[in-house]
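Computed from a prediction, not measured in an experiment: that's the story for all the values here. Note that these values count all heavy atoms, side chains included, but never hydrogens, waters or copies made by symmetry. By convention in this document, chain letters (A, B, ...) are assigned in the order of the sequence lines, proteins followed by strands, and residues within each chain are numbered from 1.
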Protein chains: 2
Amino acid sequence: MDVGQINVQRQNGVALWRQIADRIRASIANGEYDATGMVPPEMVLAAQFGVNRHTVRSALAALAQEGIVRAMQGRGTLIERKERLNFPISQRTRFTEGIGDQARKKEGLLLSSAEEPASAALAASLRIAEGAPVIRLETLRKADRRPVSRSTNWFPAGRFAGMKEAYEASGSITAAFQALGLSDYWRFSTEITATHADGADLADLQLSPGAIILVARALNVDPDGVPVQYAVSRFPADMVQFTIAN
Amino acid sequence: MDVGQINVQRQNGVALWRQIADRIRASIANGEYDATGMVPPEMVLAAQFGVNRHTVRSALAALAQEGIVRAMQGRGTLIERKERLNFPISQRTRFTEGIGDQARKKEGLLLSSAEEPASAALAASLRIAEGAPVIRLETLRKADRRPVSRSTNWFPAGRFAGMKEAYEASGSITAAFQALGLSDYWRFSTEITATHADGADLADLQLSPGAIILVARALNVDPDGVPVQYAVSRFPADMVQFTIAN
DNA sequence: AGCTATTTGTACGTATGTATT
DNA sequence: TAATACATACGTACAAATAGC
């Protein structure tokens, strides 16, 4: 098969090896190398991208550092991890259930928490008074020990006073709500954007500079339609996708 | 307000000036400079990012090239564009209606078209036989003369033989469907990912290298649930956001 | 076992880009 | 604007490991 040239741009502030690493990572996630379970040989990739073999080696070294591939002398470069996690977005969106059996071990860690007055925008979303107290939880979610999202969650402080302790005990927002007497809730709206990872993302999600993150801003409401949670979640773009089924 | 140091990483495959340009672009999109309508002075930015003023100037030059800011000697650096277009995703998702009054002038251009055999994956989505003929339309959508999405659309060739001409005449998929006797259709599913723009995206969407695009893969069905269109649309991430309302 | 082709690993030299001073 | 230091990218050559014959 003649693959043809794959386009990368020179001298635009993003190193060739990083652009190539991003492309290979995406190809792996898209299952393009599933037939062999291997990345094509370095010389083949170099020809495809129109670069020197060393540049491809730099890209593969970065992917090896991420644990996505493992190079084996004389054999080739083995793919270690390939699947993208899929997050369904619906009225019943829940993080842990959403992952389902796509990962064996699911964790929710509390990075920090605070009580603070609601900003104007947050107050409007949660339908509370501006400046009213809210509880903010910074959480990190992992699937099979790899970080998959970093979230900032706000809850009305009056109604959900014990949120921090309830989340720490269970590692799950759903379980924490139940512990506080809210047995069910609904996803009211979701806003999706994409941006470059910032410093905190890089550290917490174990990404390399220039990485892309998907950002979901979500409002959850109780069965009466009263807002109970506003959350901003950040996902590594090459690890996840969102699906909306109608 | 003391902003403190903003973290950028050196020598990691992404040039400092590009990391800084990405941060400033994101700050503009997030409305952080709305109070003045200006980017902070170069010396302030240099201090915030912990870099030399020359490096900040490189970043601002890139943003000026994109048309996002305009530097004015002696005055400062003016922000030209800041608001994001919002695309609602629902059962009734339609591009032109979705934009609504967020833009005055909406255009749909046909870049190219072809008839080709359906790949295995496409055939499965459209529920037709693998290799059955499909019509592919490459389209570019603009709002107020700025390109906002580049789409690849596939239609079963048997049912929608005149799709190319119908789209060319109207610049709208919805109108083309109506001209071909399909008065209504529904969004069945949407898949959202994010990635770096490739060469074709850069050219068609008038982006600068390194830009992020949001990718939506959508399946539309007729009122009987029969697939009528599969589309892959690519949007500049700093120009648009998606919303899902439940 | 040897031989060869394939593939990754290592080394050196050169040119250019990036960032600071 | 110039000098400096380091990163990036290319070219070439050869070494080491693996697989197939």
Side-chain angles (χ1 to χ4, degrees), chain A residues 1-3 5-25 27-28 32-81 196 199 202 207-211, chain B residues 5-25 41-66 71 73 196 199 202 208-211:
Chain A
M1 173 178 71
D2 184 285
V3 270
Q5 213 66 2
I6 301 179
N7 193 18
V8 285
Q9 288 93 37
R10 283 155 206 269
Q11 296 160 4
N12 58 8
V14 183
L16 281 183
W17 65 263
R18 175 159 296 289
Q19 299 180 53
I20 291 169
D22 291 339
R23 295 294 184 88
I24 295 174
R25 196 192 297 102
S27 293
I28 291 172
E32 289 170 33
Y33 304 141
D34 280 4
T36 57
M38 309 273 287
V39 172
E42 292 169 357
M43 287 300 294
V44 175
L45 290 170
Q48 279 180 14
F49 289 107
V51 302
N52 192 273
R53 175 173 159 244
H54 293 304
T55 309
V56 170
R57 284 180 59 75
S58 298
L60 290 175
L63 295 178
Q65 185 65 29
E66 293 178 44
I68 292 177
V69 301
R70 186 171 74 243
M72 304 181 75
Q73 195 172 37
R75 289 209 228 172
T77 303
L78 193 70
I79 295 170
E80 298 269 53
R81 222 161 12 84
H196 284 99
L202 295 178
L207 301 174
S208 42
Chain B
Q5 211 66 3
I6 300 179
N7 190 24
V8 284
Q9 304 199 4
R10 283 150 210 268
Q11 329 282 21
N12 279 310
V14 183
L16 281 183
W17 64 264
R18 173 155 295 288
Q19 297 182 53
I20 292 168
D22 292 337
R23 296 292 185 87
I24 295 174
R25 197 192 297 104
E42 292 171 357
M43 285 303 291
V44 173
L45 289 170
Q48 278 180 14
F49 289 108
V51 301
N52 193 276
R53 174 168 164 259
H54 295 310
T55 309
V56 169
R57 285 181 61 76
S58 298
L60 291 176
L63 295 177
Q65 185 65 29
E66 292 179 46
Q73 198 171 40
H196 285 103
L202 296 178
S208 60

Closest to the [X] side chain: [options]?
X	options	answer
His54(A)	dT21(C), dC10(D), dT7(C)	dC10(D)
Ala71(A)	dG9(C), dA19(C), dT7(C)	dG9(C)
Glu42(A)	dA19(C), dG9(C), dT8(D)	dG9(C)
Asn52(B)	dG9(C), dT20(C), dC10(D)	dT20(C)

query = In terms of heavy-atom contacts, does CD of Gln65(A) have more than 12 from other residues, nucleotides or ligands at under 6.0 Å?
reply = no
key: Atom CE of Met38(A) with >12 non-hydrogen neighbours under 6.0 angstrom   = yes
query = DNA chain C: stems of at least 3 consecutive Watson-Crick or G-U pairs, cut-off 3.5 Å?
reply = C:2-21 with D:2-21
request  = Sugar-phosphate atoms are those with a prime plus P, OP1 and OP2; base atoms are the rest. Using that split, label each nucleotide of nucleotides 14-21 of chain D B, S or - for protein heavy atoms under 4.0 Å, 5' to 3'.
outcome  = --BBBS--
task = Quick one: label Thr77(A) by what it contacts on the DNA or RNA (base, sugar-phosphate, nothing), any heavy atom closer than 4.0 Å.
result = sugar-phosphate
Value in whole Å for how far the [atom2] atom of [N] lies from [atom1] of [X]:
X	N	atom1	atom2	value
Met43(A)	dG9(C)	CE	C1'	14 Å
Arg57(A)	dA11(C)	CZ	P	11 Å
Leu45(B)	dA19(C)	CG	C1'	17 Å
Ile20(B)	dA19(C)	CD1	C1'	10 Å
Trp17(B)	dT20(C)	CH2	C1'	17 Å
Leu16(B)	dT21(C)	CG	P	12 Å
Phe49(B)	dA19(C)	CZ	C1'	16 Å

query = Checking side chain to side chain contact (heavy atoms under 4.5 Å, CB included) against Ile79(A), which of Thr36(A), Leu63(A), Ile24(A), Ile28(A) comes through?
reply = Ile28(A)
Close side-chain approach of Val51(A) and Ile20(A), heavy atoms under 4.5 Å = yes
key: side-chain contact (heavy atoms from CB on, under 4.5 Å) assessment of Gln19(A) paired with Asp22(A)   = CA-CA 5 Å; Gln19(A) 299 180 53; Asp22(A) 291 339; 5.5 Å; no
